[in-house]
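Data block below; observations after.
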Amino acid sequence: MAWYCSANSNEGLVNNLKTAKIFKSEGVEKAMKAVDRKNYVSQGPYNDTPQPLGFGATISAPHMHAYALQYLEPFLKPGMKVLDVGCGSGYLTACFSEMVGPEGKVIGIEHIKELVDMSRRNIQKDRPGYLESQRIILVHGDGRKGYPEESPYDCIHVGAAAEKEPHALIDQLKAPGRLFVPVGVKSQSIYQIDKDENGKVTRKELMGVMYVPLTDVDKQI
Ligand code: SAH
């Protein structure tokens with residue numbers, strides 16, 4: 001199982017995820033090796049488990065980050081634009097930026113102010129210059145509404161479980177574009193929701209998961 005991928009180093013962890021076939025893309029491997037998890041979580045950065053960030057949030061397990069990068073990979077090509085909803089630690093936001101490169105743009109949106117500040121500090125330490133050059137923009141706000149100011153997006157990642165399919169986010173996808181979103185309350189699954197070049201929307205259930213809810217601030221802390 002995926003949590004057997006734990007290791008003593010970032011490189012070892014990524015190698016284990018690759019051997020376990022959680023991802024296969026070279027671009028994903030390069031991004032995950034470039035962005036060292038120790039800059040985003042203080043305890044057990046190379047354990048393949050979620051870790052608490054405070055404020056009712058967790059950094060997702062490395063295997064979930066790897067799945068997200070792999071499923072979104074066709075929409076993470078150089079120059080593409082990404083929205084990361086519930087960016088938490090900032091880890092995945094930084095990986096997305098590695099993949100879309102300096103010509104691409106990643107917007108991370110998070111509704112807990114302290115976590116926006118945490119992701120800013122983490123990214124500043126790990127990827128100096130990415131915030132100044134605005135290849136990464138961090139926004140404090142309710143991610144359920146997306147971030148229309150920078151839309152449309154080639155892909156949108158949601159790091160918390162929505163109660164229902166989030167229509168505002170589907171509206172903010174390009175055609176073609178892809179949304180990776182956990183949906184459900186007690187029982188949750190990741191859905192890959194694709195908009196094709198004609199604007200037709202299709203969905204595919206990928207796997208059962210357990211994410212923190214996409215919710216209101218006062219319900220989370
Ligand atoms: N991708 C992050 C996941 C963090 S956990 C990581 O791996 O570090 C989920 C995050 O979603 C939390 O930080 C939580 O504060 C945030 N969140 C929950 N509801 C939200 C909402 N309505 N708008 C924006 N962020 C939200």
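Both ligands and their constituent atoms are indexed starting at 1 by order of listing. Here the structure is a predicted model, which means the values were calculated and not measured.
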What I want to check is whether the side chains of [X] and [Y] have a donor and an acceptor closer together than 3.5 Å.
X      : Y      : answer
Thr215 : Gln220 : no
Asp84  : Thr93  : yes
His63  : Asp48  : yes
Tyr46  : Asn10  : no

With a 4.0 Å cut-off on heavy atoms, is Val85 touching ligand 1?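 Per 4.0 Å heavy-atom rule, Val85 does not contact ligand 1.
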Considering distance alone, does some N or O of [X] sit under 3.5 Å from an N or O of ligand 1?
X      : result
Thr58  : no
His111 : yes
Gly143 : yes
Ser60  : yes
Asp84  : no

Provide, to 0.1 Å, the distance between [atom] and the closest protein heavy atom, together with that atom's residue and name.
atom                    : value
atom 16 (C) of ligand 1 : Glu110 OE1, 3.4 Å
atom 7 (O) of ligand 1  : His65 NE2, 2.8 Å
atom 14 (C) of ligand 1 : Gln220 NE2, 3.4 Å
atom 8 (O) of ligand 1  : Ser89 OG, 2.8 Å
atom 19 (N) of ligand 1 : Thr215 N, 3.1 Å
atom 9 (C) of ligand 1  : Gly159 O, 3.3 Å

Thinking salt bridges, do Glu150 and Lys105 make one under a 4.0 Å N-O criterion?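 Looking at Lys105 together with Glu150, the answer is yes, because their closest N to O distance falls below 4.0 Å.
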Return the orientation label for the Phe180 and His157 ring planes: parallel under 30°, perpendicular over 60°, tilted otherwise.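 The rings of Phe180 and His157 lie parallel, inter-plane angle below 30°.
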Cation-pi between Arg135 and Tyr130: NZ/CZ under 6.0 Å from ring centre and within 45° of the ring axis?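 Output yes; distance and angle both within limits.
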Here's one to test your reading of the geometry: is the NZ or CZ of Arg37 within 45 degrees of the ring axis of Tyr91 and under 6.0 Å from its centre?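 Pair Arg37/Tyr91 counts as cation-pi.
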Taking it one step at a time, do Glu163 and Gln188 satisfy side chain to side chain donor-acceptor pair (under 3.5 Å)? CA-CA 9 Å; Glu163 276 182 32; Gln188 305 170 356; over 6 Å; no
[X] [atom1]: over 12 foreign heavy atoms closer than 6.0 Å:
X      : atom1 : answer
Lys33  : NZ    : yes
Met210 : CE    : no
Glu197 : CD    : yes

In ligand 1, which numbered atoms sit nearer than 4.0 Å to a non-hydrogen atom of [X]?
X      : value
Ala57  : 12 (C), 13 (O)
Gly141 : 23 (N), 24 (C)
Pro213 : 18 (C), 19 (N)
Gly86  : 1 (N), 2 (C), 3 (C), 4 (C), 10 (C), 11 (O), 16 (C), 25 (N)
Ile112 : 15 (O)
Ala160 : 9 (C), 11 (O)
Leu115 : 13 (O), 15 (O)
Val212 : 5 (S), 9 (C)

Could you tell me whether Leu92 approaches ligand 1 through its side chain, its backbone, both or neither, with non-hydrogen atoms closer than 4.0 Å?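 It is neither part, as no heavy atom is under 4.0 Å.
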Show your working on side chain to side chain contact (heavy atoms under 4.5 Å, CB included) between Ile123 and Leu131 and close with a plain yes or no. CA-CA 8 Å; Ile123 291 170; Leu131 292 166; 4.0 Å; yes
